[in-house]
Amino acid sequence: QVHVVESGGGLVQPGGSLTLSCAASGCAFSIYPMAWYRQAPGNQRELVAIITSDGSTNYAGFVKGRFTISRENAKNTVYLQMNSLKPEDTAVYYCNPKCPAFIIANYWGQGTPVTVSS
C-alpha cells in the first residue's frame, strides 16, 4: 500500500532553519522523482521542490536559494532542508513521490506543519 510519513515540522523563528523528512513506501521509490508541496490556510497546495532519480532538482521561486531537497534512496527517504525561514513559509508541508501507484491513488499523507513566527 502506498504510504508516506512526514516529520520534522514545528515552530521556528524567522531566519531559523528546519529539516523535514519523509519516509515513503509502496513503490520503487529510487527510480521516480520525489516532490515537496505545501499548503497554507486558505491557499491551494503548491509545489515547493522536486528531485529526480538522478539528483536533478527544481525549486519554486519563493524558496530557491533557501531550501534544499535531497534524497537517500537506500532508506526510501526524501528531505527538505529549510534555511532563512520567513513567516510566509508557514504551511503544512507534504511529500509526494511521482510513482504510478501514488499518482493513480492521488495519495497524500498527513503532512507536517511548519510555523514561522516570533
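Quick note: numbers below take in every heavy atom, side chains included, and nothing from hydrogens, waters or symmetry partners. In this chain, numbering begins with 1 at the start of the sequence shown.
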Extract all donor-acceptor atom pairs below 3.5 Å that involve side chains of residues 109-118 and protein atoms in other chains or at least two apart in sequence.
from : atom 1 : to : atom 2 : distance (Å)
T112 : OG1    : G9 : N      : 2.9

Query - Contacts of type side-chain hydrogen bond (donor to acceptor under 3.5 Å, both in side chains), residue N76, not counting sequence neighbours - result: none
Requested in this report: For S56, enumerate each residue passing the side-chain contact (heavy atoms from CB on, under 4.5 Å) test, keeping only those at least two apart in sequence or located in another chain.
Outcome: T52, D54
Report task. With sequence neighbours excluded, give me every side-chain hydrogen bond (donor to acceptor under 3.5 Å, both in side chains) pair touching residues 7-19. Result -> S17-N83, T19-Q81
Report task. Would you list the pairs meeting side-chain hydrogen bond (donor to acceptor under 3.5 Å, both in side chains) in which at least one residue belongs to residues 22-37, sequence neighbours left out? Result -> Y37-K98
Query - Under the side-chain contact (heavy atoms from CB on, under 4.5 Å) test, residues paired with S70 that sit two or more places apart - result: Y79
**Report entry** Contacts of type side-chain hydrogen bond (donor to acceptor under 3.5 Å, both in side chains), residue Q39, not counting sequence neighbours
**Finding:** none
**Report entry** With sequence neighbours excluded, residues passing salt bridge (Lys or Arg N to Asp or Glu O under 4.0 Å) with R45
**Finding:** none
Query raised in the report: Which residue pairs pass the ring-ring contact (aromatic ring centres under 6.0 Å, His included) test with at least one member in residues 45-68, sequence neighbours excluded?
Result: none
Report task. List for me each residue that meets salt bridge (Lys or Arg N to Asp or Glu O under 4.0 Å) alongside K86, sequence neighbours excluded, and say none if there are none. Result -> none
**Report entry** Sequence neighbours excluded, every pair satisfying salt bridge (Lys or Arg N to Asp or Glu O under 4.0 Å) that has a member inside residues 12-32
**Finding:** none
Query - Residues in side-chain contact (heavy atoms from CB on, under 4.5 Å) contact with Y107, at least two apart in sequence or another chain - result: V2, H3, V4, F102, A105
Query raised in the report: Does E6 reach the main-chain N or O of C95 with its side chain, forming a donor-acceptor pair under 3.5 Å?
Result: yes
